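First up is the structure itself, then whatever we jot down about it.
Keep in mind that this is a model prediction, so the values were computed, not measured.
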Amino acid sequence: EILAAAAAEEPTALITRENERAKSEGKTLLVYVGASWCEPCQRFHKAAEAGQLDATFPKLRLLEFDRDRDEVEQVVAIEGRALLDGSQAG
């Protein structure tokens, strides 16, 4: 499953909400930052969208951000660390 992050939504809240939803459904959330000009990113996106990762990663939910639209690198790094530590970033 791949979810596109809404342009207007604040990344920290979105990541936290989607992580909780994924956990409650027995899934793992992977935050993915891609770009339209990045060929490997586009190949990965098309494979995920076509369901080509589903058999290998049946419990994976992708939350996709657009590198050119969303300024998320720092937020993703902070939130990722907090989620791995089991704490809440703020």
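- Here the closest non-hydrogen pair linking L29 and I15 is CD2-O, 3.8 Å.
- Scanning both residues, C41 and G34, for their nearest heavy atoms gives SG-CA, 3.9 Å.
- With hydrophobic clusters built from ILVMFWY side chains whose heavy atoms lie under 4.5 angstrom apart, F44 shares a cluster with L60.
- For the pair Y32 (side chain) and I2 (backbone), a donor-acceptor distance under 3.5 Å is absent.
- When the side-chain contact (heavy atoms from CB on, under 4.5 Å) test is applied to E25, the partners found at least two apart in sequence or on another chain are R21, K27, R61.
- Within the structure, the side-chain hydrogen bond (donor to acceptor under 3.5 Å, both in side chains) test picks out the following pairs touching residues 48-60 (sequence neighbours left out): H45-E49.
- Taking the side-chain contact (heavy atoms from CB on, under 4.5 Å) definition, one finds that P58 meets it with nothing, sequence neighbours left out.
- The pair K23-E20 counts as a salt bridge, with a side-chain nitrogen and a carboxylate oxygen less than 4.0 angstrom apart.
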Kindly indicate, with the supporting measurements, whether the criterion side-chain contact (heavy atoms from CB on, under 4.5 Å) is fulfilled by L63 and L14.
-> CA-CA 9 Å; L63 177 58; L14 178 60; 4.0 Å; yes
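- No side-chain heavy atom of F57 sits less than 4.5 Å from a side-chain heavy atom of L62.
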